[in-house]
There are 2 protein chains.
Amino acid sequence: MVTKQFSGSPQEADLTRADSLAREIFSDIANKWALLIIETLGERTLRFGELRNEIEGISHKMLTQNLRMLERNGLVERKVHPTVPPRVEYTLVESGQALRKTVDGMCDWTSRYLGHIEDSRRRFDA
Amino acid sequence: MVTKQFSGSPQEADLTRADSLAREIFSDIANKWALLIIETLGERTLRFGELRNEIEGISHKMLTQNLRMLERNGLVERKVHPTVPPRVEYTLVESGQALRKTVDGMCDWTSRYLGHIEDSRRRFDA
DNA sequence: CCGAATCCAAAAAGATACTG
DNA sequence: CAGTATCTTTTTGGATTCGG
């Protein structure tokens, strides 16, 4: 359960720890840029600059920051080619690919309900 | 496509608009609190205060803000009972339920890869 | 009980410059 | 080309108060 940070019963100290960890991870990945990176990297291995071009509007800083976070959590693998100029490639590994499937679902959802959302917004804003 | 805000070809002005709208919606919902609300509300209709209790750590302000946003986008229905004290119930409607399925996937992913992530973090932090 | 508005601290994010 | 660091600005979010 990700919604509850602490479980009810006193003995389940481990579950409590697992819960708060789960929440932490959820907070890490449940953000716009992280999900867009996962989605983009899902198609193929990309270099830093390519990734930057693929994801409209992301800044150098945000990209670096989120790539580090994804690497730390073991979703992305970073491979440095010691050439000059340097060439750094990012690959979505197995756990990342698994998550990607659910992100795909979110993207599909977005296009499917686009019209419905537009209508709802018009009504709400009136 | 949600990753690209603008399509390449000049004539597809409509697709461009749809893309930027999709991106806007994606930014709206791809955040921690919105997803946790969707997940929690997926189980049953809840009052404002109940929702606040269910979601560990959410503030009054964040809850209000995200509920308005979800209502505006037509994922959540808000029903006010004109009693005193007031009673306001929030229900996840069809489009919200559809999205919830993908959020479930994210939650499942989190628990499944918890161990893997913990290991990866340990290695990375070393 | 719910919600809107205000104020203020904290965090996020953009811009820029510098390194290997 | 990729990454880090710093600085500044903007945005976010929490606390509080007041109103229906």
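Naming: A, B, ... by sequence-line order, numbering from 1 per chain.
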_Measure CD1/I55(B) against P/dG14(D) and give the value in whole Å, please._
13 Å
*Heavy-atom side-chain contact between E71(A) and R68(A) under 4.5 Å*: yes
*Do D104(B) and R100(B) meet the salt-bridge criterion of a basic N to acidic O distance under 4.0 Å?*
yes
*asked:* side chain to side chain contact (heavy atoms under 4.5 Å, CB included) for T102(B) and D108(A)? Distances and angles first, verdict last.
replied: CA-CA 10 Å; T102(B) 80; D108(A) 291 348; over 6 Å; no
*How many Å lie between CG on N53(B) and P on dC1(C), as a whole number?*
10 Å
_Residues in contact with DNA chain D, drawn from residues 24-35 of chain A - heavy-atom cutoff 4.0 Å_ = none
*From CA spacing to verdict: side chain to side chain contact (heavy atoms under 4.5 Å, CB included), Y90(A), I37(A)*: CA-CA 10 Å; Y90(A) 292 91; I37(A) 290 171; over 6 Å; no
_Taking side chain to side chain donor-acceptor pair (under 3.5 Å) as the cut-off, I'd like each qualifying pair that reaches into residues 116-126 of chain A, sequence neighbours left out, listed once._
E118(A)-R17(B), D119(A)-R122(A), R121(A)-E24(B), R121(A)-D28(B), R121(A)-N73(B), D125(A)-R72(B)
*asked:* Is it true that, when you exclude R78(B) itself, more than 12 heavy atoms of the residues, nucleotides or ligands shown sit nearer than 6.0 Å to its CZ?
replied: yes
*What is the distance from CE of M62(A) to C1' of dT12(D), rounded to the nearest Å?*
14 Å
*Expressed in angstrom and rounded to an integer, what is the separation of Q65(A) atom CD from dA13(C) atom C1'?*
8 Å
_Distance in angstrom units between L63(B) CG and dA15(D) C1', rounded_ = 16 Å
*Mind checking whether L99(A) and V93(A) sit in one hydrophobic cluster, side chains of I, L, V, M, F, W, Y counted as touching below 4.5 Å?*
no
*Kindly work out whether a path of hydrophobic side-chain contacts (I/L/V/M/F/W/Y, heavy atoms less than 4.5 Å apart) joins L21(B) to W109(A).*
yes
*Atom NZ of K79(B) and atom P of dC2(C): how far apart are they, to the nearest Å?*
16 Å
_Protein within reach of the bases, or only the backbone? For nucleotides 2-11 of chain D, mark each nucleotide 5' to 3' as B, S or -, using heavy atoms under 4.0 Å._
SBB-------
